[in-house]
Amino acid sequence: MSKNADNNQGRWEGRNSAKDELRVEVWTALENQGASIGAVFSHIPNFEGADQAAARLAELSIWKNAKVVKCNPDAPQIPVRLRALQDGKLLYAPVPELAKDYPFLELDPEDLKKRGIAFESAAPIEGALKHGRRVQFQEMKPFDIAVVGCVAVTRIGGRTGKGGGFADLELGIFREMSLIDSGTPIVTTVHSLQVVDDERVTMAAHDTPLNWIITPGEVIETNTAYAQPDGVYWGNIQEDQFRDIPFLKTLREQLTRK
């Protein structure tokens, strides 16, 4: 086991012991087999071949037909965000951990070109924070594809992130605000070591399943039987999320008044 595993099982450890164990297992395997790039514990892990996975995604019709892409802000998806800009797609990326009073950044490739900003500079989240337009959910256009970060996935569409609940919260909000619907492809790019046996991930009602999993060497269409959630399950939101996500209380008031 990695020397980091005992000391850093994850910032959000304790919410689900089975998923805590699985995350440590995956992070450790990535480290021990030399497949990780940079720190992996408590992160959506960066991995060798992330650019190949992004290239495989770009070959799919769900990508080619998409004009508006939502992508998570983590390092392994930098190639996905770069490819979106290179392919002329409007790109939305969340502020990491939704920790600002504005939740998302909009990156318009035509606007970046006009300002002389290289796509390679805007694709990392630091560049997106510097060059992107800060937007609220109400200002965003509906997505044609939503890319999420994962720590572990299953071939039948199960997923778990790093444990903070950010992806499921975002996706619930998107549904409440009609930014995605049941037909919007939910996609991730991961290393093959992150693909685990189906029984290792138990999905709850508020968890969003995956439609597509892309690794450096494989494209997996899950044909998932898991149901997509209807919206935000406010009863599952943790107190620390209300504390640490500035806009969340106000947004809950707006959405629950509908």
Side-chain angles (χ1 to χ4, degrees), residues 30-31 34-40 42-100 102-136 139-151 161-162 166-167 170 179 185-194 212-219:
L30 288 166
E31 279 196 345
S36 60
I37 299 174
V40 293
S42 289
H43 295 283
I44 299 298
N46 201 1
F47 59 91
E48 295 287 348
D51 54 342
Q52 295 170 272
R56 284 190 178 277
L57 171 58
E59 294 173 354
L60 301 179
S61 60
I62 57 169
W63 179 270
K64 292 179 179 178
N65 295 334
K67 295 181 180 180
V68 182
V69 174
K70 174 268 169 188
C71 184
N72 57 298
D74 304 282
Q77 280 70 46
I78 291 174
V80 174
R81 298 194 295 276
L82 177 58
R83 186 61 186 251
L85 296 174
Q86 290 172 335
D87 289 352
K89 303 179 189 301
L90 185 66
L91 174 64
Y92 290 109
V95 174
E97 300 181 10
L98 303 176
K100 302 286 186 183
Y102 56 94
F104 265 74
L105 301 155
E106 181 186 86
L107 293 164
D108 183 335
E110 292 303 317
D111 172 67
L112 293 173
K113 285 180 184 178
K114 290 177 182 177
R115 291 192 282 150
I117 298 166
F119 295 156
E120 292 78 4
S121 297
I125 194 58
E126 298 82 5
L129 286 163
K130 181 178 180 181
H131 302 298
R133 184 172 78 92
R134 302 174 179 183
V135 293
Q136 301 292 336
E139 302 174 82
M140 298 164 70
K141 296 181 179 179
F143 315 142
D144 298 311
I145 187 172
V147 183
V148 298
C150 298
V151 174
K162 56 193 175 185
F166 300 108
E170 286 174 10
L179 292 172
I186 310 298
V187 181
T188 195
T189 56
V190 293
H191 193 275
S192 59
L193 291 171
Q194 295 173 254
W212 295 83
I213 299 164
I214 319 297
T215 76
E218 187 178 13
V219 173

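Heads up: numbering here begins at 1 and tracks the sequence. Everything numeric in this text was worked out from a predicted model, so none of it was measured.
Without hydrogens or angle criteria, Tyr92 side chain to Lys141 main chain gives a donor-acceptor distance under 3.5 Å. Proximity of a side-chain donor or acceptor of Lys70 to a complementary backbone N or O of Val147 within less than 3.5 Å is detected. Judged by distance alone, the side chain of Gln77 and the main-chain N or O of Thr189 form a donor-acceptor pair under 3.5 Å.
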Intermediate values then yes/no, side-chain contact (heavy atoms from CB on, under 4.5 Å), Glu48 and Ile37: CA-CA 7 Å; Glu48 295 287 348; Ile37 299 174; 3.8 Å; yes
Ile44 vs Val151, test: side-chain contact (heavy atoms from CB on, under 4.5 Å). Steps then yes/no. CA-CA 6 Å; Ile44 299 298; Val151 174; 4.1 Å; yes
Going through the distances and angles, do Asp108 and Arg133 end up as a side-chain contact (heavy atoms from CB on, under 4.5 Å)? CA-CA 9 Å; Asp108 183 335; Arg133 184 172 78 92; over 6 Å; no
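Counting all heavy atoms, side chain and backbone alike, Ala93 lies closest to Arg81 at CB-CD, 4.3 Å. A pairwise comparison of heavy atoms in Leu105 and Arg134 identifies CD2-CG, 4.2 Å as the closest pair. Nearest heavy-atom pair, Asn46 versus Pro76, reported as atom, atom and distance to 0.1 Å: OD1-CA, 3.2 Å. Between Lys162 and Ser42, the shortest heavy-atom contact is CD-O, 3.7 Å. Here the shortest heavy-atom pairing between Trp63 and Leu57 reads CB-O, 3.3 Å. Scanning both residues, Cys71 and Pro94, for their nearest heavy atoms gives O-CD, 3.1 Å.
With sequence neighbours excluded, the residues that form a side chain to side chain donor-acceptor pair (under 3.5 Å) with Asp74 are Asn72. Qualifying side-chain contact (heavy atoms from CB on, under 4.5 Å) partners for Thr188, counting only residues two or more places apart in sequence or in other chains: Val148, Cys150, Val153, Val190, Leu210, Ile213. Partners of Asp51 under the salt bridge (Lys or Arg N to Asp or Glu O under 4.0 Å) rule, at least two apart in sequence or in another chain, do not exist in this structure. When the side chain to side chain donor-acceptor pair (under 3.5 Å) test is applied to Gln52, no partner is found at least two apart in sequence or on another chain. Partners of Arg83 under the salt bridge (Lys or Arg N to Asp or Glu O under 4.0 Å) rule, at least two apart in sequence or in another chain, are Asp87. Checked against salt bridge (Lys or Arg N to Asp or Glu O under 4.0 Å), Lys113 has the following partners two or more places apart in sequence or in another chain: Glu110. Qualifying ring-ring contact (aromatic ring centres under 6.0 Å, His included) partners for Phe119, counting only residues two or more places apart in sequence or in other chains: none.
Atom CD1 of Ile214 and atom CD of Glu59 lie 9.5 Å apart (nearest 0.5 Å). Atom CG of residue Asn65 and atom CG of residue Asp144 lie 8.5 Å apart, to the nearest 0.5 angstrom. Separation of atoms CG (Leu193) and CG (Leu30) is listed at 5.5 Å; rounding is to 0.5 Å.
Counting only residues at least two apart or on different chains, the side chain to side chain donor-acceptor pair (under 3.5 Å) pairs with a member in residues 114-128 are Asp111-Arg115.
Using cut-offs of 30° and 60° for the angle between ring planes, the Phe47 and His191 rings count as perpendicular.
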